[in-house]
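Here's the structure, in structure tokens; my notes come after.
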Amino acid sequence: MKLLFICSRNRWRSLTAEKIFEQYNMYDVKSAGTEENARIKVTAGHIGWADLIFVMEKKHERRLKEKFSLDLNGKRVIRLDIEDEYRYMDEELIEILKTKVSEYIEVPE
């Protein structure tokens, strides 16, 4: 299963999610950002590649729908509601990500 994690700049939240979930062999994982200055900017290619798309906030979901409405047809976009208040690999962020994502996919212990 191919998982795509999206935040604003792809520096803290989505990059942390990528690092956490890429360690599980059952998933291919990428991350990207919606902002112009994102480390990796989300493209239609990312959307087409992904089986599941996780966004951190409502604004990310809105930006994807505005820019990639056709590419999102048939795609499942899941909003995690994780605010931009964590640093890269923050312990609390890791726990929140695992808990919220485990509602949708298997997260091994």
Side-chain angles (χ1 to χ4, degrees):
M1 182 178 284
K2 297 173 187 165
L3 310 177
L4 177 62
F5 291 92
I6 305 284
C7 69
S8 296
R9 293 184 316 275
N10 187 227
R11 285 181 169 74
W12 296 342
R13 292 171 291 173
S14 61
L15 186 57
T16 297
E18 179 180 359
K19 294 303 174 205
I20 293 167
F21 292 100
E22 73 183 2
Q23 68 185 326
Y24 304 124
N25 293 333
M26 70 261 278
Y27 303 120
D28 285 328
V29 185
K30 292 183 180 179
S31 66
T34 59
E35 299 284 331
E36 285 299 319
N37 64 347
R39 191 182 67 84
I40 295 174
K41 193 164 188 238
V42 65
T43 65
H46 289 111
I47 305 293
W49 170 86
D51 295 316
L52 269 181
I53 301 167
F54 292 96
V55 297
M56 298 298 158
E57 296 178 64
K58 188 173 192 166
K59 67 182 178 184
H60 305 128
E61 188 175 20
R62 187 184 69 247
R63 288 176 187 154
L64 288 184
K65 287 178 179 172
E66 287 170 0
K67 191 162 184 183
F68 304 107
S69 60
L70 293 176
D71 303 292
L72 286 169
N73 276 340
K75 296 288 180 175
R76 185 154 182 220
V77 178
I78 298 162
R79 189 172 73 230
L80 298 174
D81 292 314
I82 299 174
E83 297 294 320
D84 190 9
E85 54 192 45
Y86 302 97
R87 295 279 187 186
Y88 176 67
M89 296 304 282
D90 181 299
E91 289 294 326
E92 187 179 352
L93 174 59
I94 292 169
E95 283 307 308
I96 292 168
L97 282 164
K98 286 182 175 180
T99 300
K100 291 194 175 217
V101 171
S102 71
E103 295 175 24
Y104 303 95
I105 62 169
E106 181 187 346
V107 178
E109 287 299 317

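For clarity, every value in this text was computed on a predicted model and none was experimentally measured.
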Residues that D84 engages under side-chain contact (heavy atoms from CB on, under 4.5 Å), provided they are two or more places apart: R9, W12, R13, E57
How would you list, by chain and number, every residue that makes a side-chain contact (heavy atoms from CB on, under 4.5 Å) with R62, sequence neighbours excluded?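 With sequence neighbours excluded, R62 shows a side-chain contact (heavy atoms from CB on, under 4.5 Å) to K59, E66, given in chain and number order.
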[Y] reachable from [X] in the ILVMFWY side-chain graph, under 4.5 Å edges:
X: W49; Y: I78; result: no
X: Y27; Y: I20; result: yes
X: V101; Y: M26; result: yes
X: I96; Y: L3; result: yes
X: L80; Y: L15; result: yes

The side-chain hydrogen bond (donor to acceptor under 3.5 Å, both in side chains) partners of S102 (sequence neighbours excluded) come to none
Smallest separation among heavy atoms of F68 and I47, with atom names: CG-CG1, 4.1 Å
Rounded at 0.5 Å granularity, tell me how far CD1 in I6 sits from NZ in K30.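 Reported to 0.5 Å precision, the distance equals 11.0 Å.
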Would you compute the distance between atom CG of L4 and atom CG of L64 and round it to the nearest 0.5 angstrom?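 The CG atom of L64 is 8.0 Å from CG of L4, to the nearest 0.5 Å.
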Do [X] and [Y] have side chains that get closer than 4.5 Å, going by heavy atoms?
X: Y88; Y: L93; result: no
X: H60; Y: F5; result: no
X: R79; Y: K58; result: yes
X: I53; Y: L72; result: yes

Check salt bridge (charged side-chain N to carboxylate O under 4.0 Å, His left out) between K19 and all other residues, then give those that pass, not counting sequence neighbours.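 Testing K19 for salt bridge (charged side-chain N to carboxylate O under 4.0 Å, His left out), a comparison that skips the adjacent residues, returns E22.
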Run the salt bridge (charged side-chain N to carboxylate O under 4.0 Å, His left out) test against K65 and tell me which residues pass, sequence neighbours left out. E61
Side-chain donor-acceptor pairs under 3.5 Å in residues 31-40, sequence neighbours left out?
unit_1, atom_1, unit_2, atom_2, d
S31, OG, N10, ND2, 2.8
S31, OG, E18, OE1, 2.5
T34, OG1, R63, NH1, 2.9
E35, OE2, R63, NH1, 2.8
E35, OE2, R63, NH2, 3.2
E36, OE2, K41, NZ, 2.9
R39, NE, N10, O, 3.0
R39, NE, N10, OD1, 3.3
R39, NH2, N10, OD1, 3.1

Please indicate whether E91 has more than 12 foreign heavy atoms, meaning atoms of other residues, nucleotides or ligands, lying under 6.0 Å from its CD.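 At most 12 heavy atoms, drawn from other residues, nucleotides or ligands, come within 6.0 Å of this atom.
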Answer yes or no: are there more than 12 heavy-atom neighbours, outside N25 itself, under 6.0 Å from its atom CG? no
Can any side-chain N or O of K98 pair as donor or acceptor with the backbone N or O of V107 at less than 3.5 Å? no
Side-chain donor or acceptor of T16 paired with backbone N/O of M89 under 3.5 Å: yes
When the ring planes of Y104 and F54 are compared, do they come out parallel, tilted or perpendicular, using 30° and 60° as the limits?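 Taking F54 first and then Y104, their aromatic rings stand perpendicular (interplane angle over 60°).
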